[in-house]
Amino acid sequence: MNEARPVPAIELAGVRKSFGPMEIIRGVDLVVAPGERHAVIGPNGAGKSTLFHLISGHYRPDGGTIELRGEDIAGMPPQLINRRGLSRSFQVTNIFPRLSVWENVRCATLWAMGHKYAFWKGVERLDEVRRRTEEILTEIDLMDRADVPAGVLTYGEQRALEIGLTIAGSADVILLDEPTAGMSHAEVERVVALIRKVSENRTLLMIEHDMHVVFDLADRISVLVYGQVIASDTPERIKANAAVQQAYLGTEAA
Amino acid sequence: MLQVSDLHAYYGKSHILQGVSLEVGDNEIVSILGRNGVGRSTTLKAIMGDPAPQGRITFRGKPVAGRSPHEIAHLGIGFVPEERAIFPSLTVEQNLLLGIKRGVENPRWSLEETWKLFPQLKDRANAPGGALSGGEQQMLTICRTLMGNPDLIMIDEPTEGLAPQMVERIGELLQEIAQRGISILLVEQRLVIAMRISHRVYVMGHGQIVFEGTPAELLANEAIRREWLEV
Amino acid sequence: MLEIILVSTLNGVLYGMLLFLMASGLTVIFSMMGVLNLAHASFYMLGAFFGFEISRRLGFWPALIIAPVLVGLIGMAVERYGLRRVHKHGHVAELLFTFGLTFVITEMVEMFWGKLPVDYRVPPSLDFAAFTVFSVNYPAFRLFVLLISVAIFIALLLTIKRTRIGLIVQAALTHPGMVGMLGHNVDRIFMLVFGVGVGLAAIAGVIAGPILITQSNMAALLGPILFVVVVVGGLGSLGGALVASLLIGLVQTFAVAFNVSLADLFGTSQLSAVLEVWLADIWRVTIAQIAPIMPYILLVLVLIFRPRGLMGTRDT
Amino acid sequence: MNQSATISSAAPASTRAGLLVRYGIWIALALTLLLLPYVFSSRLALSTMSLMGTMIVFALSYNMLLGQTGLLSFGHAVFFGLGGFATVHMLNLVGGNSYPIPLPLFPVVGALGGLFFGVLFGAVATKRAGTAFAMITLGIGELVASSALILRRFFGGEEGITTDRTDMLRVFGYSFGPQIQVYYLIAAWCFLSIVLMYAITRTPFGRICNAVRDNPQRVSFIGYDPSTVRFIAFSLSGLFAGVAGGLSAINFEIVNAAQMGAVESGSVVLMTYIGGVGNFAGPIIGAILVTWLQLILSDATTVWPLYVGLLFIGVVMFAPGGIAGLLSMQQPLLAARTLHRVLPYYFLMFVPGAVAVAGLAMLIETSHQFSIRAAYGPRMTLYSIPFDVTTLTPWAIGAVVFAVGLWLFLRAARLARNAYDAALPQRGNR
Amino acid sequence: QETIKIGYVDPLSGGGASIGQIGLNQLNFIADEVNARGGINGKQVQIVGYDNQTNPQISLVQVQKAIDEGIQVIVQGNGSSVAVAVSDFITKYNERNPGENIVHLNYAAIDPVLTNEKCSYWHFTWDASADIKMEALTNFMKDKEDIKKVYLISQDYSFGHAVAGAAKRMLNEKRPDIEIVGDEYHPLVRITDFAPYVAKIRASGADTVITGNWGQDLALLIKAAGETGLDVDWYTFYAGGAGAPTAIKQANLENKVFQINEGINNLGYGPAEERAGAYMERFSSAPVYFPRVFNMMDMVFKAMEEAGSEDPGDFIPKLVEMKHDSFAKGEEGFMRADDHQFFQPLYIAALGELGEGEKFDEEHTGWGWKLAATVPTEDTLLPTTCEMERP
Ligand SMILES: Nc1ncnc2c1ncn2[C@@H]1O[C@H](COP(=O)(O)OP(=O)(O)OP(=O)(O)O)[C@@H](O)[C@H]1O
Ligand SMILES: Nc1ncnc2c1ncn2[C@@H]1O[C@H](COP(=O)(O)OP(=O)(O)OP(=O)(O)O)[C@@H](O)[C@H]1O
Ligand SMILES: CC(C)C[C@H](N)C(=O)O
Ligand SMILES: [Mg+2]
Ligand SMILES: [Mg+2]
């Protein structure tokens, strides 16, 4: 056990969060290795999304540490965490509805490409930004919808854009909250392929209720129940885990 | 109970529903299946009066089309929308109370009974609706509609975002609801559930009904399944 | 000193309650419909002029009932044919709509009653000194204002607590379509709320008209302060509006009572000679002089340090 | 209706082709500004255009907040006024000491003043958004405007501070006494400001402002701090408002507290909204139109605020995208070359519309004569037709003209809408 | 040019409109009189109203507009703040546009700077300046032994400060025994509730209040005082209009509110009664009028006729040093060349129940102004520091 472990991409230890009297996250420990595709599953209301909110800076933890590549980020505001290379998507689609699809993606690339709050350089002249935007749009298959306001996209397209916004900033740690919810089989498959593609060379942490997707994609799975991680293991062993069976999977996965 | 014939609906200029006909009988569970974006949700919304429907819709013999949503609700049709439309600043309990309609006698569900359906909700009774987890919101929307004591309930993708065992629970719940003498018009992505609990199914493709029959018949119809359901 | 404090407190409370009376309707509309009704003070003015016109024909008491009802009906019509259309374009549009309305109402009033103040008097039945403190008479009419304000406060509190109208309107702010599909007639409720809110403004007008001046610029004069009351009190909080009204009434009244300036505080030291040069104007300004801007200072401070207002439940 | 919002986010592909067009527009604008005094050469026209130039800068600076960043401010005149005060004091200082600084440079002082206070108040106000922001700005506006009346030495109380613009160093012998010289000074600054403000919308920052307007929460998850974005936008907008204030100070040689007050703040909201917030050109149109109305209407009738109010209500209710919104709705038709098909319908709409307005104006003016102006006798003249307001006829005619006009207008509007829909190129619905 | 156009730049909308409208009414009345007589120099007189919303800067726009429309005579009065700006603008304008002559006729703005530091060849004023009025008022007060403690309350702008400053200076000189127990400034037309101010006056133990307040600031102040039963004497400049008489009657302050003015009703002077009567009959819903506007227009028209020209460049020399029998009682007044201030008899009066044969009441209250003292023209003369630049 002495060999030098690589620094984990994300490491949570004893993270806690309460809302009023309710403790929702009750001491979560979680390690995600770099380059890993890690899924979080668990019953509704277990606190999965809350956990994402804590990691991404949307909420401030009441206790515990959250480290991003060894650096403590607990309690930082979202933009600082994002600038350190962590990006996330939302369970409820969260895009810029009145901006065009192109604009949506381009905005998401700007900070990482070093343009920050620049109000002195023309955005159209930034070729690098344009290339990157095109690249992302092609990747999420929305190039031909580039001029459309994001708000009029269909549900599936909006979900794809949501992922596009998440990956555009070239963050190498990515959190996806139920990327396939509400999609038909065919679309789910497309999204899974997309996720597989964009998560190459990146670390992926993902919440998902669709077990096919989870077992298809994940290298490791953590099970969150009542604000605690009750198991964190490879898909096979999770599938076999009795506690998980009872707490979560029910019969459908079988 | 509900009869829809030649229903058309538009969003702005796009002609979404292009002559949908369907019906739901007493105590019946009927599902509408189909791919994303074919207009299933729009069908339910048009029956509720928004977008304004064109065509004939009757509920227990009374005309529905042309009425405003609140009148339609008073006729006895309940609707659980796909986007859930939880009132985020109201507490869970207030959300439920808003489901109660004026002048409804002997409702089938009291507040207490709805709590029993999903005990998890009761724990969160005083939390703001907006703070609920995705799954909890889904439960709340269903309960809220039940509080209005509808005779027909139209549910749009109730299992979306639910954990597997919860999906099971919803399936059972729908059957339970039907047993209390309520008809259900269901839009569902998960074929397994829909096929198991429905009495009849419709398959929709591009604003029109392309198949009508029992689950068994659909199972047998390979062509329809491949073309319109991609399975 | 005791005299000043006592008298100022009384004056502050009386003025505060008058403010509350005017602001209560605004709170109702603002908190329930989310509409910042910039024309609220205009409806208040309409109430005063209707009150004047009716009371010189039928007497004050009928005016107290009829004028608010009339104004409420006008308000309902405005909601039905104007505001409702604008609603879907969002709050900014609603607000600007009411902004436009202020011009229209003011001009209408001038057309009927001219630009000079009208002779609107306290009804004889209430025109006497109710009590005297330190040889200051407190007119019965001011007490009457106090009474009405308290009554309205209680009545509103009960209505909001007892009925689901508040819930429905609040729910409709985020998902109006859904509220309709649950079987509530949102349109009618909005119309009602607006009518009632505006009617409350009219009550204030009928009552405040005789105390203040009933003139076509009275709306412009009072408008801004009412927003301060509502925002400082906290959106959605009637109690907050009450507290804020009293607070503003008292702060303003007490401020007027003090003639202290920085110069007085520092006396005649060496330092003060220097400060006097650097601070220029500020140096000699007395608290009494800045009394009228106190509410705005309060507003800015409250919003910075307690954005939900004193008793508000949600962020503004 | 929402299409107006998307116009600003031009398609990536069309930018290359649009390059020429874009510079063409700027050259045309510059030429227009240059030549206007030859077309409208009366002194009234010159002073009107000078005022319009100032208001254009002011309204555009406001739209940096409202249109671009989604911030509704009720206190924008504060920066206009403070920029003006900064300029006036500097003018007096320079004039008093005969420092060699020419007049055309002074709007820079306004800009710095506006920027300074933008930074100062922005630090407080932009911590919040939405209604809270609106209320803070309202508070700051009232606070500054009323404090100005108390701090008499700097602000000059009710009467304000005056100056003499001709006391400055002369370049090429221009004294800037005559209005025409002032016009060109304003036009130059107006042009410069328009170019700069437009350029800002096309920068990374400008784009992020739009994103903040749309969904501030999401912005913080793509690396930006929304309140910093608001803060910068607020400060820059203060800067340009300061330029406008400086121009106004030079134009009128007086600045007073009322210029920072609620009325001025309200009127910039009016201009911007009537012109259209979703489009860069909107505020320009609005500033021109509203300024013109304010000047002309107040001569034509003393009940002019009523007309302004009605116009404003009309815009809010029927054209929430403002005038620019209506115009940009025609753009797809223009592109599809189908505009000529709807133009007759617009004309059809315009005629009864004008009739309805005339009828309404007749009703208003007749009642006005009957009530307020009763002392001037019952006889009045409208549209050069004399009549007696104590008889029923003018009222009846007004009412009938209005009703018929309105009815026809509504019918024509329906036709026009159908024609518009028909002419609209079908967007492929996938 | 067939008509003589006179530009009236004053508030016609908003808070100041109530007073602004009165001036316009009166000008129109006078113009109609003149026109009925065949006009001036054979030309008809036309009054053009320009709404300045009581804002100095808007006023300049309006003045510019008036000039652009060929107007050379600008009448303005409401607010010293506006007057200073307008006078300054017109002076500069004439300087920068040689050959063009615009004149500013001021009928109400009485901040003394207008006839001292900031005097101008192109500015004439017909209302007695604040210093003049205060001088007369304090002369009247100095004999009243029962005045012991005086409270000053004024609007917080140049005019208010001028009034309070003069009061302090003059009382100190004439009656050093009088104690100034309060020197209060409040913002202009923004206060709705004067109760706190009244409480302060009461607490100070004052027996007399001096105020330059006008418009609603005076009406509301007196209303609040009446409501709480404040028992003091009031010395005012502007208790004649905008609801003040109504408030005084309501508060039952009979013979306790004094006003100094260049004329009141019921002085028993036939021509005035006739003219004022005709005016009030016509404007019965807003019967207030300013005697000085009659003085002003009568003199200006006379100057035009004497010069045979409507160009100010021509008629100003006639106006300077013109003598004129003042409207109220026909006693002589004159325009002083040094500062273009019109000097005229002033009348101090208190509001009270009308006596026998007095037919004019105020604001339908049944009360009217009752003469307390007359100040002849020669007693109103004050030195000026004006150094006028003449073209
Ligand atoms: N801001 C909040 N205030 C109060 N309670 C909250 C808040 N946010 C979340 N909760 C509660 O915390 C619990 C966990 O919510 P969370 O959204 O993390 O669940 P989840 O695991 O993502 O569930 P799902 O799979 O249904 O989305 C829920 O019971 C929810 O009601
Ligand atoms: N508010 C709207 N405005 C314009 N178009 C809309 C709107 N809502 C839906 N549409 C379009 O109508 C079509 C049908 O939508 P609908 O929501 O009924 O599909 P669905 O069958 O329920 O699919 P999903 O599985 O995505 O819910 C889609 O093409 C969608 O883009
Ligand atoms: C209209 C007047 C009451 C104005 C006042 N005398 C002033 O000089 O400001
Ligand atoms: Mg979740
Ligand atoms: Mg759907």
Side-chain angles (χ1 to χ4, degrees), chain C residues 1 3-4 7-8 10-12 14-15 18-19 103 106-107 110 113-122 127 129 132-139 141-142 208 210-218 220-222 224-225 249 252-259 285-286 288-293, chain E residues 11-22 24 54 153 156 182-200 202-204 215-220 223-231 241-247 249-250 283 285-288 363-365:
Chain C
M1 200 57 203
E3 175 181 345
I4 279 278
V7 171
S8 294
L10 265 171
N11 280 333
L14 289 176
Y15 180 56
L18 192 63
L19 275 184
F103 292 90
T106 306
E107 291 302 313
E110 284 186 359
W113 289 282
K115 292 169 183 173
L116 291 175
V118 297
D119 183 15
Y120 186 14
R121 297 198 191 167
V122 172
D127 195 8
T132 306
V133 184
F134 290 110
S135 82
V136 182
N137 296 336
Y138 278 91
F141 197 70
R142 291 246 175 185
I211 311 184
L212 307 177
I213 275 198
T214 305
Q215 192 180 352
S216 62
N217 72 336
M218 62 196 288
L221 209 57
L222 264 167
I225 204 95
Q252 268 193 312
T253 314
F254 271 94
V256 168
F258 294 104
N259 269 341
V285 168
T286 63
Q289 258 172 297
I290 60 167
I293 57 173
Chain E
L12 297 174
S13 72
S18 53
I19 312 179
Q21 186 67 42
I22 293 170
L24 185 60
T54 336
I153 180 164
D156 196 357
D183 184 10
E184 187 83 44
Y185 298 96
H186 66 78
L188 189 59
V189 283
R190 268 185 198 78
I191 308 289
T192 44
D193 186 19
F194 273 93
Y197 293 96
V198 170
K200 218 167 153 187
R202 179 191 311 276
S204 73
Q216 67 180 35
D217 282 339
L218 184 61
L220 282 171
K223 240 181 181 181
E227 242 185 14
T228 57
L230 176 69
D231 183 30
T246 309
K249 168 78 193 296
Q250 224 170 309
F283 293 95
S285 63
V288 188
E363 296 186 350
H364 312 292
T365 54

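Quick note on labels: first sequence line is chain A, next is B, and so on, each numbered from 1.
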Can you say whether C/Ile225 sits under 4.5 Å from chain E via the side chain, the backbone, both, or neither, judging by heavy atoms?
neither
With only heavy atoms counted, which part of C/Pro224 is less than 4.5 Å from chain E, the side chain, the backbone, both or neither?
neither
So what's closer than 4.5 Å to chain E heavy atoms on C/Ala257: side chain, backbone, both or neither?
backbone
Please name the pair of heavy atoms, one in C/Asp119 and one in E/Gln250, separated by the smallest distance, quoted to 0.1 Å.
OD1-OE1, 4.2 Å
Give, as side chain, backbone, both or neither, the part of E/Ile22 having an atom under 4.5 angstrom from any heavy atom of chain C.
side chain
Taking every non-hydrogen pair under 4.5 Å, which of E/His186, E/Glu184, E/Arg202, E/Lys223 racks up the most with chain C?
E/Arg202
So CZ of E/Phe194 and CG of C/Leu212: to nearest 0.5 Å the spacing works out to 11.0 Å
Against chain E, work out which of C/Ser216, C/Ala208, C/Pro292, C/Gly249 has the most heavy-atom pairs shorter than 4.5 Å and name it.
C/Pro292
Pairing of E/Asp193 and C/Arg142 as salt bridge, 4.0 angstrom limit:
yes
Which portion of E/Glu227 sits near chain C, non-hydrogen atoms under 4.5 angstrom
both
How many angstroms lie between atom CD of C/Gln252 and atom CD1 of E/Ile191, to the nearest 0.5 angstrom?
7.0 Å
Contact part of C/Thr253 toward chain E, heavy-atom cut-off under 4.5 Å: side chain, backbone, both or neither?
both
Best-contacting candidate, C/Val7, C/Ile211, C/Thr106, against chain E by heavy atom pairs under 4.5 angstrom:
C/Ile211
Counting heavy-atom pairs closer than 4.5 Å to chain C, which one of E/Leu220, E/Thr365, E/Val198, E/Thr246 comes out on top?
E/Leu220
